Amino acid sequence: MSLSSQPPPSPLSPTRDQRATLGALVDVLLDKGVYLDLDLIITVADIPLIGVNLRATIAGMETLLEYGLMREWDERIRAEAHDDPARG
């Protein structure tokens, strides 16, 4: 029996690492990516004023291409750059 009266933390409980930095967060976002599926309703005095439905993927281009996202866009941009050497 544990001496602590608090239950053990859930695997989904937020944790805080004092050594974490913004640079580490950006590195994980670019390497692993994150998918957001968000429904937001802004109300004032119980009257809904603004509704937002957002689906977004944030990741580095290499990660997006690895998962098959934005492949057509990447191929088109590369083809345009190849056809027009002045672009890059």
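Because the structure is predicted, anything quoted here is derived from the model rather than measured. Positions are given from 1 along the sequence.
- To the nearest 0.5 Å, the span separating NZ on Lys32 from CG on Asp27 amounts to 9.5 Å.
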Practice problem: Evaluate the side chain to side chain contact (heavy atoms under 4.5 Å, CB included) criterion for residues Asp31 and Leu29: first the C-alpha distance (whole Å), next the side-chain angles of each, then the deciding distance (0.1 Å), finally the verdict. | Solution: CA-CA 6 Å; Asp31 185 43; Leu29 282 176; over 6 Å; no
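- Contact check on Glu72 versus Arg76 returns no salt bridge, with no Lys/Arg side-chain nitrogen under 4.0 Å from an Asp/Glu carboxylate oxygen.
- The side-chain contact (heavy atoms from CB on, under 4.5 Å) search around Thr43 returns Ile41, Pro48, not counting sequence neighbours.
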Exercise. Show your reasoning for whether side chain to side chain contact (heavy atoms under 4.5 Å, CB included) applies to Arg78 and Trp73.
Key: CA-CA 9 Å; Arg78 289 175 187 265; Trp73 176 85; over 6 Å; no
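- Between Thr63 atom OG1 and Leu65 atom CG the span is 9.0 Å, to the nearest 0.5 Å.
- Note on Ile77: it clusters hydrophobically with Met61, by side-chain heavy-atom contacts below 4.5 Å among ILVMFWY residues.
- Shortest non-hydrogen contact noted between Gly33 and Ala59 is CA-CB, 3.6 Å.
- Here Asp39 pairs with Asn53 under the side-chain contact (heavy atoms from CB on, under 4.5 Å) rule; sequence neighbours left out.
- Atom CG of Leu54 is separated from atom CG of Leu38 by 5.5 Å, given to the nearest 0.5 angstrom.
- Cluster annotation: Leu49 is connected to Leu40 through the hydrophobic network of ILVMFWY side chains, with a link wherever side-chain heavy atoms come within less than 4.5 Å.
- From Leu64, atom CG reaches atom CE of Met70 across 6.5 Å, with rounding to the nearest 0.5 Å.
- Taking CD of Glu80 as the reference point, atom CD of Glu75 lies at 12.5 Å (rounded to 0.5 Å).
- Atom-to-atom distance recorded for Leu69:CG and Asp74:CG is 11.5 Å, nearest 0.5 angstrom.
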